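A, B, ... follow the sequence lines: proteins, then strands. Residue 1 opens every chain. Here the structure is a predicted model, which is why all the values come from computation and not from measurement.
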Amino acid sequence: MDSLYRFGSLRPSLPTVRIDRLLPRAPAPSKPVLLLLRYGLAVVCVAAAHLVTLMLQQVAEGRPSLFPFFVGIVASAWFGGIGPGICAALLALPAGLYFYSVSLGSFEYRAENAILLLLFALCAMAGGALSTWRRHSSDALALKARELQSANDALRNEIRERVRAQQALQEAQTELSRATRLTMAGELTATIAHEINQPLTAIATSASACARWLDTVPPNLDEARQSAACIVRDSGRAADVVSRVRALIRKAVSERMHVGVNQIIEEVLRSIDYDLRKNGIAVIVMIEPALPPVPVDRVQLQQVFLNLFMNAMEAMAHADERRLTVRMAAFQGGLEAIVEDSGGGFQVSEAALFEPFFTTKPSGMGLGLAICRTIVEAHSGELSASNGARGARFRLFIPGGA
Amino acid sequence: MSQQNPIVYVVDDDSAIRETLSSLLRSVGLAVRGFASAAEFLAHERPDAPSCIVLDVRLPGQGGLEFQRHLTASGDPIPVIFISGHGDIPMSVRAIKAGALEFLTKPFRDQDLLDAIQAAINRDTFRRETARVTNALRQRYQTLSPRERQVLALLLTGQQSRQIAAAIGASESTVKVHRMQVMRKMEASSLVELVRMADGLGLLTAPA
């Protein structure tokens with residue numbers, strides 16, 4: 001069934017989602033406390049760098065390495081921002097001076113030293129700035145990622161909502177088409193019944209009148225003859241009603257067109273998709289490629305397949321295995337469709353099955369299959385039924401050409 | 001009694017039904033007139049004869065049930081027999097409650113329809129006869145003088161001539177003359193018959 005359930009046709013218009021509203025805001029500490037924390041961090045970092053440098057001095061003699069200070073400054077800038085970075089760099093300067101003095105015994109002014117210190121300061125500043133910038137861009141990236149994530153979530157919810165709405169819509173449509181079908185069948189039946197009942201009443205009345213005219217003494221043969229003529233006239237009228245109903249179906253067929261029957265089957269299956277899934281019915285559709293297009297009345301053929309599918313569904317209501325198989329193949333220049341269910345089949349003769357007003361359903365009118373056969377025959381086709389391996393098997397043939 | 005032959009009016013938009021029903025009813029000696037609609041029936045001037053309507057529920061324009069309501073509202077007492085192609089219970093209940101004599105579903109047995117028509121004609125005949133008698137009595141009553149009506153009213157309360165004389169301030173012999181005049185004009189042969197006539201005129205329920 002899923003293969004028929006396509007999202008392609010569904011083009012959701014995406015709603016504009018306000019990301020800023022969806023992002024959770026962490027409670028921020030107050031501004032002065034934050035400032036203190038950031039600058040305190042700078043101080044701690046430089047102090048730690050100082051300690052590490054001292055320890056390194058114990059291990060390795062010689063020119064002191066200012067690398068730990070560099071790390072401290074970068075860390076301050078990373079976590080605290082540009083301000084704490086500069087602060088750390090300024091704090092590191094006297095520390096650096098100190099180490100130079102200690103390592104060289106005394107601080108002497110040497111151009112070499114001054115340049116070295118200046119370079120250190122510059123590098124530290126640059127490192128800090130770079131670090132801050134990196135931090136900012138990485139924060140921005142994280143923010144973007146979170147924004148994307150929430151947009152994605154919103155979208156996913158939207159799709160879920162849409163699928164639900166789609167299902168509800170389909171359910172409603174199925175309900176509606178069933179109601180329409182019932183109403184139409186009911187109205188049609190009522191109209192035909194009335195149209196047939198009128199001449200029938202006239203015939204019965206004429207027959208009684210005829211008998212009474214013959215019973216009078218002496219018999220009134222003229223009147224009796226007239227009544228008999230009325231009977232003939234009114235039976236013709238009743239027959240006209242029947243042929244008009246037939247013509248109605250034929251007229252509709254004359255508006256037929258070359259439609260792919262597989263398309264019709266697909267449409268019908270989609271319209272009852274909800275019922276099929278609700279009843280846990282597996283649908284297997286096997287359609288031979290490149291089928292010849294046959295001239296059919298789309299709506300009428302939809303009715304035929306809808307009827308066959310609904311019957312199958314109802315037949316399988318209590319079956320353990322519920323499988324509806326639809327096969328379509330080219331046959332003698334026309335089309336052959338086979339609809340088979342696993343509902344156990346039918347116990348009556350095939351002729352009885354297609355008899356009008358024959359039904360096995362408690363609320364059925366018994367017109368479904370009779371109408372199906374009339375429609376198929378109006379297409380110069382054949383509709384037959386047999387019992388398959390697991391259930392009823394309907395074979396529909398529609399010739400090509402015409 | 002100037003009794004005319006009964007007439008059956010068939011109101012049905014289906015000409016075949018009108019025609020065949022007409023033939024059936026004529027075969028048992030009934031006079032029949034057919035109409036395709038309620039309006040056509042109303043436009044027709046009906047002769048003074050016992051009659052009934054055989055009415056189709058499904059009529060063009062004014063429907064059968066509506067037409068029946070119209071007849072009842074305009075005080076037309078003609079009995080109605082409904083025939084319907086699709087007689088459901090609520091519809092027939094409504095028709096019978098509104099005074100229809102019978103509700104037959106098409107196609108009906110001819111005898112059922114003839115029986116219903118017979119009953120309807122009988123009812124209409126009886127109603128017309130009652131109306132005719134009441135009318136005659138009313139005409140006789142019209143010929144009484146005010147004094148005689150006064151005496152009649154007191155007679156109906158069961159008073160003797162002497163009491164009546166005292167009540168109206170006349171001599172007993174004068175009252176007896178009035179009383180004889182009342183009996184003569186009303187064509188009553190006994191006091192009991194006079195009382196029955198007064199009942200028919202509705203004089204007993206009204207205060208004298």
Apply side-chain contact (heavy atoms from CB on, under 4.5 Å) to the pair A:Q198 and B:D12, showing each step before the final yes or no. CA-CA 11 Å; A:Q198 288 293 106; B:D12 194 316; 4.3 Å; yes
Interatomic spacing from CG in A:N197 to CD1 in B:I17 - rounded to 0.5 Å: 8.0 Å
CG/B:D110 to OG/A:S206 distance, rounded to the nearest 0.5 angstrom? 11.0 Å
Tell me the closest heavy-atom pair linking B:S27 and A:T216, and the distance in Å. O-CG2, 4.0 Å
Structural part of B:L104 lying under 4.5 Å from a heavy atom of chain A: neither
Does atom CZ of B:R140 have more than 12 heavy-atom neighbours, drawn from other residues, nucleotides or ligands, at distances under 6.0 Å? yes
Show your working on side-chain contact (heavy atoms from CB on, under 4.5 Å) between B:R26 and A:N220 and close with a plain yes or no. CA-CA 11 Å; B:R26 277 186 293 112; A:N220 191 327; over 6 Å; no
Quick check: are there more than 12 heavy atoms from other residues, nucleotides or ligands sitting under 6.0 Å from NZ of B:K185? yes
Any side-chain heavy atom of A:T201 sitting closer than 4.5 Å to one from B:I83? no
Which heavy-atom pair separates A:W213 from B:S23 by the least distance, and what is that distance? NE1-OG, 2.9 Å
Taking everything shown except B:Q160 itself, do over 12 heavy atoms lie less than 6.0 Å from its CD? no
Would you mind telling me which of B:R18, B:E19, B:R58 has the largest number of heavy-atom pairs within less than 4.5 Å of chain A? B:R58
Are there over 12 heavy-atom neighbours, none belonging to B:R196, within less than 6.0 Å of that residue's CZ? no
Checking A:S227 against chain B: side chain, backbone, both or neither under 4.5 Å from a heavy atom? side chain
